[in-house]
Amino acid sequence: MPYTGTINKYAKYLSVAENTPVISIQEGQTPLVPAPHIASACGVDGLKVYFKIEGLNPTGSFKDRGMTMAVSKAVEKGATRIICASTGNTSASAAAFAARARGLGYDMDCYVIIPAGYVALGKLSQAMIYGAKVIQIEGNFDAALNIVKELCDQYPIELVNSLNPYRIEGQKTSAYEICDELGDAPDYLCIPVGNAGNITAYWAGFSDYQGASKKPKMYGFQAAGAAPIVDGAPVEKPETVGTAIRIGNPASWKQAEAARDQSGGLIDKVTDDEMLAAYRMIHQDEGYACEPASAASVAGLIKSAQAGKIEPGSTVVCVLTGNGLKDPKVAMEQSDMASAEKVYQADSFEIAQALGLKAAPVQQ
Ligand code: AN7
């Protein structure tokens with residue numbers, strides 16, 4: 001049977017009925033891959049580390065899992081407009097699912113409200129080409145979310161931020177995939193925390209999965225400049241290179257704390273330098289890719305391991321939430337750009353010199 005997306009695959013765990021119109025772009029079924037370099041960098045005996053590459057969803061982030069549910073349920077109730085605030089990925093995903101709904105013959109407009117100047121180029125361009133109406137505001141994600149909530153109170157528009165319970169429900173499917181593939185739950189799940197919907201969803205998923213012998217400890221990581229849960233108060237002016245998680249007042253704050261406490265886990269913060277060091281390591285030592293915010297999961301794992309908070313012999317899954325191509329600007333800044341800056345003449349001698357090549361000794 002060809003794969004037809006997360007709703008059909010995991011319908012028994014989801015609030016869908018026979019007559020729910022399934023709006024899918026074949027989200028899910030993302031790779032779970034070993035990360036041996038990160039495992040040894042942790043310095044914990046017998047550690048197994050995997051990446052769940054959520055950046056390989058159709059729009060390049062985990063948001064597609066929640067959006068297939070939110071948009072299917074919106075269509076089911078006859079909604080013709082959806083709206084979200086976004087640091088970028090939610091807007092890309094909402095825009096794509098609205099396009100898919102239109103292609104299936106439903107009326108569906110998508111509106112996205114984003115913080116001007118703080119959405120990575122890849123994400124902004126996605127929302128635009130998928131045909132959303134994009135509104136940039138002066139103000140951050142938290143301000144955008146407040147506007148969206150007000151608009152949904154006043155006008156007939158369906159909110160598809162993670163305040164929409166179907167978003168969280170849909171995002172549980174990644175936990176199911178991990179358990180299916182490992183044959184059990186991992187011991188730890190390391191995940192970036194922004195608006196805190198995803199950590200909430202994974203915990204719900206691990207909690208209702210049938211067939212695992214245990215549940216993981218949930219280890220969530222905020223950016224140090226946007227760490228309201230860790231610091232215990234909303235952050236007025238959140239700042240981080242991981243713009244996806246530049247959020248000062250998470251909607252699912254309480255649920256994230258519950259996931260942490262019920263699982264015996266933790267929510268900690270990592271600095272931008274730690275995030276970027278992990279980001280380089282993921283690319284340069286594992287050959288995988290993610291956007292900067294996603295690397296918070298790996299930076300947090302390394303920090304936790306060094307603090308003795310990861311047991312020897314355990315299995316860890318780090319969620320790489322977004323695709324590396326979303327934010328090419330940061331990728332360029334984090335690279336050795338020296339060789340790419342100069343343009344050389346098409347001359348093999350000159351290029352050999354630039355590359356530092358030395359002739360092989362002549363064979364006798
Ligand atoms: C790559 O797109 O909030 O803790 O508006 O894009 O569930 O918010 C994105 C969040 C992690 C944090 N990694 O997840 C949005 C948005 C990436 C993200 C998060 C986001 P939550």
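On a predicted model such as this, the values are computed, not experimentally measured, just so you know. Both counts, for ligands and for their atoms, begin at 1 and track the order of listing.
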- Backbone or side-chain N or O of G197 under 3.5 Å from ligand 1 N or O: yes
- Message: List ligand 1 atoms under 4.0 Å from N198, heavy atoms only on the residue side.
- Response: 7 (O), 21 (P)
- Message: Quick one: does any side-chain atom of T90 pair with a main-chain N or O of S86 as donor and acceptor, under 3.5 Å?
- Response: no
- Query: Can you get from I245 to V230 by hopping between Ile, Leu, Val, Met, Phe, Trp and Tyr side chains that sit under 4.5 Å apart?
  - Reply: no
- Note on the structure: Taking only non-hydrogen atoms of I245 and a 4.0 Å limit, the atoms of ligand 1 in range are 11 (C), 12 (C), 19 (C)
- Matching residue for I310 among L301, V49, D187, I302 - test: side-chain contact (heavy atoms from CB on, under 4.5 Å): L301
- Item | Heavy atom of the protein closest to atom 18 (C) of ligand 1 (residue, atom name, distance) | A244 CB, 3.5 Å
- Does an N or O from N89, backbone or side chain, lie closer than 3.5 Å to an N or O of ligand 1? yes
- Message: Within the structure, is a non-hydrogen atom of Q171 found at a distance of less than 4.0 Å from ligand 1?
- Response: no
- Item | Close approach, S162 and ligand 1, non-hydrogen under 4.0 angstrom | no
- Message: Salt bridge check, E274 against K303: does any charged N sit closer than 4.0 Å to a carboxylate O?
- Response: no
- Query: Can you tell me if CD on E311 sees more than 12 non-hydrogen neighbours from other groups inside 6.0 Å?
  - Reply: no
- Verify, without hydrogens or angle tests, whether N323 (side chain) and L325 (backbone) share a donor-acceptor contact under 3.5 angstrom. yes
- Query: With only distance considered, is A293 within less than 3.5 Å of ligand 1 through an N or O on each side?
  - Reply: no
- Query: Could you walk me through whether I178 and Y209 pass the side-chain contact (heavy atoms from CB on, under 4.5 Å) check?
  - Reply: CA-CA 10 Å; I178 290 170; Y209 183 80; over 6 Å; no
- Could you list which atoms of ligand 1 come closer than 4.0 Å to a heavy atom of S86? 2 (O), 5 (O), 15 (C)
- Task: Please write down residue, atom name and distance for the protein heavy atom closest to atom 14 (O) of ligand 1.
- Result: F62 CZ, 3.5 Å
- Query: Tell me: protein heavy atom nearest atom 17 (C) of ligand 1, and distance?
  - Reply: T321 OG1, 3.3 Å
- protein heavy-atom neighbour closest to atom 2 (O) of ligand 1 works out as T90 N, 2.8 Å
- So do I82 and L159 actually touch side chain to side chain, heavy atoms under 4.5 Å? no
- Query: Looking at F141, which atoms of ligand 1 are within less than 4.0 Å of one of its heavy atoms?
  - Reply: 5 (O)
- Query: Does some non-hydrogen atom of A196 fall short of 4.0 Å from ligand 1?
  - Reply: yes
- Report yes or no: do S174 and Q171 form a side-chain donor-acceptor pair below 3.5 Å? no
- Message: Quick check on I247 - does any of its heavy atoms sit under 4.0 Å from an atom of ligand 1?
- Response: yes
- Query: Would you say E291 and ligand 1 have an N/O pair spaced under 3.5 Å apart?
  - Reply: no
- Can you say whether the rings of F221 and Y219 are parallel (under 30°), tilted (30 to 60°) or perpendicular (over 60°)? perpendicular
- Task: Name the closest protein heavy atom to atom 5 (O) of ligand 1, giving the residue it belongs to and the distance to 0.1 Å.
- Result: T87 N, 2.8 Å
- Message: Under a 4.0 Å threshold between the charged nitrogen and the carboxylate oxygen, would E54 count as salt-bridged to K63?
- Response: no
- Which atoms from ligand 1 have a heavy atom of G322 less than 4.0 Å away? 1 (C)
- Query: Looking only at N/O atoms, are S294 and ligand 1 under 3.5 Å apart anywhere?
  - Reply: no
- Ignoring hydrogens and geometry, is there a side-chain-to-backbone donor-acceptor pair from Q255 to A196 under 3.5 Å? no
- Would you call E158 and K73 a salt bridge, taking side-chain N to carboxylate O under 4.0 Å as the test? no
- In this structure, atom 9 (C) of ligand 1 is nearest to the protein heavy atom K63 NZ, 3.0 Å
- Item | Enumerated ligand 1 atoms positioned under 4.0 Å from heavy atoms of N195 | 4 (O), 8 (O), 21 (P)
- Note on the structure: The atoms of ligand 1 lying under 4.0 Å from a heavy atom of V193, numbered in the order shown, are 4 (O)
